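Remember, it's a predicted structure, so these values are computed and weren't measured experimentally.
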Amino acid sequence: MNENASLSASGSVRNGLGGLPQRLVHDGVVDEATAHAALAAAGDKKSSFVTQLISGGGARARDIAVAASTEFGVPIFDLDSLAIDLEVARLVSDKLLSKHRVLPMFRRGKRLFLGVSDPTNLHAIDEVKFQTGLGVEAIVVDDDKLQKAVDRVLEQSDQQMPALGDDEGVDLDGLETSGGDDIDRDTVTRDDVEDAPIVRFINKILLDAIRRGASDIHFEPYEKMYRVRLRMDGVLKEVAQPPVQLAGKMAARLKVMSRLDIAERRVPQDGRIKMKLSKTRAIDFRVSTCPTLYGEKIVLRILDPSQAMLGIDALGYEPFQKDLYMANLARPQGMILVTGPTGSGKTVSLYTGLNILNREDTNISTAEDPAEINLPGVNQVNVNNKVGLTFASALRAFLRQDPDVVMVGEIRDLETAEIAIKAAQTGHLVLSTLHTNDAPQTLSRLIDMGVKPYAIASSVSLIIAQRLARRLCPQCKVVLDVPPEALRKEGFPEDEIAAGIKIFAPKGCTACTDGYKGRVGIYQVMPVTEEIGRIIMAGGNSIDVSDAAARSGVWDLRRAGLAKVRAGMTSLEEINSVTIE
């Protein structure tokens, strides 16, 4: 080194320059003033010194790379000769790639070779070490080529996430969500669950599910694949297959959104997400995780409060069935039971009734597991068996709080049934659910649980059994030619066959899913009449109750389903799948 160079270098140190800026001044790549200006700009804009130097025209990227390689003894590499290995690049989160402008280039065992334009950026190298758990060796590359390579990696990451339709102008990065439990967010905020592509992909899935009217979203990991399915109109449809390597990140992101413990992967967890779509509309998601062989399967149940506000006319009750329901809702006491399998719409029927009863002069309390739809004006309680807050204990508490209407999510045991019946006998209207196939079997189920027959006869006023059938798409449904013998075999009355019945079948178009769009309810609405009460008291079975109900004009589920077929609302095939002939 000559005397002038030595003086220049020592002067640079005295003026606050060191490391790469000092080397560049020493080699004559930039002058001292330019180096100071680039350092100041980097501090102001929270960018790198090299980026500011190149963008300001102070030096060429190649000259900086050569000087850095010489100063620090780090090998130099031309990125034009590298075919980017996306699997290696994805070892580092997109957030770190864009934040520090670094590029994972090769992996050899437990060593990761990292492309950098400034090898003095030890903070970036340390963060990559921490995230990957690998040893990191820096390789100097040209800054302009590095930027283009990082942009390509980020772009390819986005392309791996399938587009799910128009996002309607929604900011997928900043979509406002909140969880259901109050925990410290700082304990679960990690780079791998804040990757921009992961955040956008999951937000798009949630928005698309809402737009398409899905009821559930399934995130499912397998050994060699990962799939996302939506349950639309009761049927699961696959909508995406993101890379299986992202399974852990997607699970962690969903758990962060629902305020669950992302470190716990061995036991099931339950949580909640609230997504704010606008100032006036928010959607809740009930979240359930379950550990499987290849990761956590996560299912989200979409809970749209607007479903409870549709009104009873939108649910599909026949006029006489609606009148029976409304008349029993207007009674000051008694018990209304809604029965059917999981996913048959029991909750919507109950909440529709509660919404009708929800007035200023009525005190309504509900015990649910968990509360699925939030209704302002209704006192809702989530049962928690771990702390002793069961349906029975919640019901006892309600009865000490001057209730008019009580709703119990489900009658599961004798204790809950007896308290609910006692409430119905002492001036309260009680609404609840049971899991039985039809209305007459509900009475037998209560007796099997140990409830006294006279208590059932004096308290239960109405039983509604229901199913949900897919509704035919009005734009593409086609007429099906069915011979009279087949209609007779399906159970249509002779007078209707003689008058002529037009049966429709699904076809399929761009506006629907396999020829169906939406669902319609099928109901058996059975009032507990004096005759049915006497049958119960005499120890009669469900067949005796069913015969008595038919004599009083009650339609069974099959007849109610055939009425929907005759009206052109659904297909015969669909009714055969949801009702028993």
Side-chain angles (χ1 to χ4, degrees), residues 180-181 215-216 268 270-272 284-288 299-305 307-308 315 325 328-329 334-358 362-401 403-424 428-437 439 442 445-446 449 451 459-468 521:
D181 300 317
S215 61
D216 301 88
D270 294 302
R272 205 175 180 95
D284 288 337
F285 298 85
R286 192 178 71 203
V287 183
S288 173
V299 177
L300 279 64
R301 166 65 58 89
I302 301 174
L303 309 172
D304 189 351
Q307 294 295 315
L315 299 185
Y325 191 18
N328 280 273
L329 285 172
M335 181 183 288
I336 299 175
L337 295 173
V338 181
T339 181
T342 301
S344 60
K346 299 188 297 295
T347 299
V348 172
S349 285
L350 283 178
Y351 272 97
T352 300
L354 289 178
N355 199 44
I356 293 169
L357 296 169
N358 190 11
T362 305
N363 179 21
I364 305 175
S365 296
T366 73
E368 303 165 75
D369 185 21
E372 294 193 353
I373 300 173
N374 296 328
L375 278 183
V378 175
N379 307 292
Q380 296 173 277
V381 173
N382 278 334
V383 301
N384 187 344
N385 293 321
K386 292 181 180 178
V387 298
L389 180 56
T390 62
F391 282 121
S393 61
L395 199 46
R396 286 195 195 93
F398 291 163
L399 296 180
R400 294 192 290 269
Q401 296 211 331
D404 297 301
V405 179
V406 172
M407 196 267 272
V408 184
E410 183 183 349
I411 295 178
R412 297 176 178 172
D413 51 52
L414 176 59
E415 183 182 16
T416 305
E418 287 180 336
I419 300 171
I421 284 174
K422 189 176 295 182
H428 307 94
L429 181 62
V430 179
L431 287 74
S432 190
T433 69
L434 274 174
H435 287 280
T436 57
N437 289 327
T442 303
R445 173 81 177 107
L446 288 172
M449 290 172 67
V451 181
S459 61
V460 180
S461 54
L462 185 73
I463 303 174
I464 301 173
Q466 66 180 76
R467 300 289 189 276
L468 286 177

Heavy atoms only: give me the nearest [X]-[Y] pair and the separation to one decimal.
X	Y	value
L303	R286	CD1-CB, 4.0 Å
I411	A420	CD1-CB, 4.4 Å
L337	T442	CD1-CG2, 3.8 Å
L434	T339	O-OG1, 3.0 Å
V383	A367	CG1-CB, 4.3 Å
A424	V430	N-CG2, 3.8 Å

Compare all side-chain heavy atoms of [X] with those of [Y] and state whether any distance is below 4.5 angstrom.
X	Y	result
L462	I464	yes
R467	N437	yes
Q380	L354	no
L414	V451	yes

- Message: Set out, in order, the CA-CA distance, both residues' side-chain angles and the distance that settles side chain to side chain donor-acceptor pair (under 3.5 Å) for S393 and T390, then state yes or no.
- Response: CA-CA 5 Å; S393 61; T390 62; 3.3 Å; yes

[X] side chain to [Y] backbone, donor-acceptor under 3.5 Å:
X	Y	value
D270	S288	no
S459	I421	no
T352	V348	yes

- Query: Testing L395, D369, T366, L389 for side chain to side chain contact (heavy atoms under 4.5 Å, CB included) with V381, which one passes?
  - Reply: L389

- Atom CG of L357 and atom CG of N363: how far apart are they, to the nearest 0.5 Å? 12.0 Å

- Message: Please determine whether a side-chain nitrogen of the Lys or Arg among E410 and K346 lies less than 4.0 Å from a carboxylate oxygen of the Asp or Glu.
- Response: no

- Item | Intermediate values then yes/no, side chain to side chain contact (heavy atoms under 4.5 Å, CB included), F398 and N379 | CA-CA 10 Å; F398 291 163; N379 307 292; over 6 Å; no

- Task: Applying side chain to side chain donor-acceptor pair (under 3.5 Å), run through Q401 and S365 and close with a yes or a no.
- Result: CA-CA 9 Å; Q401 296 211 331; S365 296; 5.4 Å; no

